[in-house]
Amino acid sequence: QMLKNLRQRHGVYEPEQLAAIRHMGGSEVFMLLTSTLCRSAEAWIADTLRPVAERPWTLEATPVPELPPDLEMQIKEEVSQVFQEVVARAKQYGMMLNIYDIREELREFASKREEEIITELKQEGDRRAARMATVIDDQLVQGGWYDAFWQVISDLGTVKAGIIKGPVLRNKKVKKWMSPQSGGGRWGVAVTQDLVLEYDRVSPFDFYPAPGSCHVDDGYTLERIYLSRSDLNDMIGVPGYSEENIRNVLRDYSTGRREWLATDSERAMLEHGTTEVLAMNSNIEGLEFWGSVPGSMLIEWGMKGADIDPEMEYEANVILVGEYPVKAVLNPDKLGRKPYSMDSYERVPGSIWGKGVPELMADTQNVCNAVARALVNNAQIASGPLVEVNQDRCPGVNEIWPWRVIQSNNQLMTEQPAVNFYQPQVIVGPLQSVYEFFATQSENQTGIPRYAYGNMAVQGAGSTAGGLSMLMTHASRGIKEVITHIDKMTSGVIERTYDYNMLFHPDNSVKRDCRIVAKVP
């Protein structure tokens, strides 16, 4: 189905359909209606998301439901200190104390201090949330999230789902500038190997969830991954990776490795326009597994520790290249979540895969193509007259041109002329009406009206500014539903990045209990 969607977007007929068209003869025109609506959907989504702010998400500090125990003790100590000061002052001046009045004043003091401390906690929480948001945004920029995000939007609109992966911890070379104070009086640069967070677009063609899954975290997942030799070299020495197996892979697959699938060639043609990317690719293909693994297999791999029970199941991450498992670690997420966020243009209840724009309008695209072919064929046939020549009276006349004199004779003399002209009927107008009707149906099926992508040829209510504004408002409801799918993906990525920072970021001043909020326009 995803290959069909790609063919439809790129204006390529299905093989059996093209064979039938060529058998009948005539035009092979393919109207790129699907391509127009796919691009319009992507542009509409981008236009909806980008004006919201610099980023389509934010962090908000969670409310403080009650004071922490240490702050409660602090308030009690302050109340006790105030009480002692009042008693000491009364003794100094020989005053009699009314315990009830003092108790009420102390309650008011304690209540006021509690409100002040809660306000301070909220303000500090907001400051920490803002600092955490800045840290995450920097990690997203450095890790390539924004580039991957817009590629995923294209997948979401074209095929059955868009998938983004991250954060993924990788060993990379990082450039760091050294100030004049540390660089001997001038700016310098140092290159180090650091673990950095990265984000990737995962092709839906390379993603294999467990059968029957409704969500990424329902069962196992497999991803076809493509590693360069430098990627494998960077894995050496990283905890959880097998140096011996990595070196075996580098030795055995020095010129690359790929498990060819039947769809790879056509997929390369549709995605890249050539199959040379397959022949010239020296990357090494592997499989990355996320799911439940028996403890006995982890122990056999070499994972040791009192916490590994051979009879229990553990959520793990494993990378297999050929026959060599190069990585096996426990899933670092305590909830067993996988580092993937996935959603579709139109969801299908009970399925992890949804539908893209091409799939929603496949029938109307086929009808529009058929009408367009008929229209072109009719225009060709009706562009000039059909000529009938009596070969008995005008032998050898096979061509005709302006002012030609055709000589005839009296042989088989009848009332009919030796040369007859017939003008085929032009039915382009009615065919255009049929085309427009089904083109409009495709807009209804996808929820992307023509006025949403700049085509002002709208009749009825759309012919006035007020009416067009009302139509745009109603049409935006459909795209806002798609935006909520994207918000879900975005929130998943941000939440996983936030969790990583709460556990491992060295700056404690950015840490605070927060919730991720997607900014829906």
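For the numbers below, each heavy atom of this structure counts, side chains included, while hydrogens, waters and symmetry mates do not.
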Are side-chain heavy atoms of [X] and [Y] found at a separation under 4.5 Å?
X: M342; Y: I352; value: yes
X: D363; Y: F438; value: no
X: Y498; Y: H505; value: no
X: T364; Y: N444; value: no
X: W290; Y: V216; value: no
X: M31; Y: V371; value: no
X: M235; Y: L227; value: yes
X: T221; Y: E223; value: no

Among R224, K338, K165, the one residue meeting salt bridge (Lys or Arg N to Asp or Glu O under 4.0 Å) with E288 | K165

Nearest heavy-atom pair of [X] and [Y]: which atoms, and what distance?
X: G354; Y: V348; value: CA-CG2, 3.8 Å
X: P204; Y: I163; value: CA-CD1, 4.0 Å
X: P325; Y: L320; value: N-CD1, 3.6 Å
X: V321; Y: G286; value: CG2-CA, 4.2 Å
X: N331; Y: D333; value: OD1-N, 2.9 Å
X: A418; Y: S408; value: CB-OG, 3.7 Å

May I ask you to decide if [Y]'s main-chain N or O and [X]'s side chain share a donor-acceptor pair within less than 3.5 Å?
X: N378; Y: A374; result: no
X: D126; Y: E60; result: no
X: D137; Y: A133; result: no
X: T484; Y: E481; result: yes
X: D138; Y: T134; result: no
X: R9; Y: T34; result: no
X: D200; Y: V202; result: no
X: S344; Y: K160; result: yes
X: T36; Y: L32; result: yes
X: N317; Y: V329; result: no

Measuring from [X]:[atom1] to [Y]:[atom2], what's the distance to the nearest 0.5 Å?
X: H23; Y: L18; atom1: NE2; atom2: CG; value: 13.5 Å
X: E315; Y: L335; atom1: CD; atom2: CG; value: 11.0 Å
X: E495; Y: I516; atom1: CD; atom2: CD1; value: 5.0 Å
X: N366; Y: M361; atom1: CG; atom2: CE; value: 9.5 Å
X: C514; Y: R128; atom1: SG; atom2: CZ; value: 10.0 Å
X: I448; Y: E443; atom1: CD1; atom2: CD; value: 9.0 Å

Under 3.5 Å, is there a donor-acceptor pair linking the side chains of [X] and [Y]?
X: E28; Y: Y13; result: no
X: S27; Y: Q380; result: no
X: Q151; Y: D147; result: no
X: Q365; Y: N369; result: yes
X: Y500; Y: Q139; result: no
X: S203; Y: R267; result: yes

NZ/NE/NH1/NH2 to OD/OE distance under 4.0 Å, E285 and R257 | no

Would you call E399 and R404 a salt bridge, using N to O less than 4.0 angstrom?
-> no

Is the [atom1] atom of [X] crowded by more than 12 outside heavy atoms at less than 6.0 Å?
X: K327; atom1: NZ; answer: yes
X: Q391; atom1: CD; answer: yes
X: Q423; atom1: CD; answer: yes
X: E16; atom1: CD; answer: yes

Applying side chain to side chain contact (heavy atoms under 4.5 Å, CB included), run through Q1 and W353 and close with a yes or a no.
-> CA-CA 11 Å; Q1 182 62 55; W353 301 103; over 6 Å; no

List the steps, then state whether side chain to side chain contact (heavy atoms under 4.5 Å, CB included) holds for N501 with V135.
-> CA-CA 9 Å; N501 288 331; V135 169; 4.0 Å; yes

With Y226, which of D206, N283, D231 fulfils side chain to side chain donor-acceptor pair (under 3.5 Å)?
-> D206

Trace of the side chain to side chain contact (heavy atoms under 4.5 Å, CB included) decision for Y345 with V357 = CA-CA 7 Å; Y345 185 87; V357 171; 3.9 Å; yes

In a check of side-chain contact (heavy atoms from CB on, under 4.5 Å) between V152 and each of I164, D343, T490, which one passes?
-> I164

Take F30 and I21 through the side chain to side chain contact (heavy atoms under 4.5 Å, CB included) test and state the conclusion after the steps.
-> CA-CA 11 Å; F30 194 113; I21 293 171; over 6 Å; no

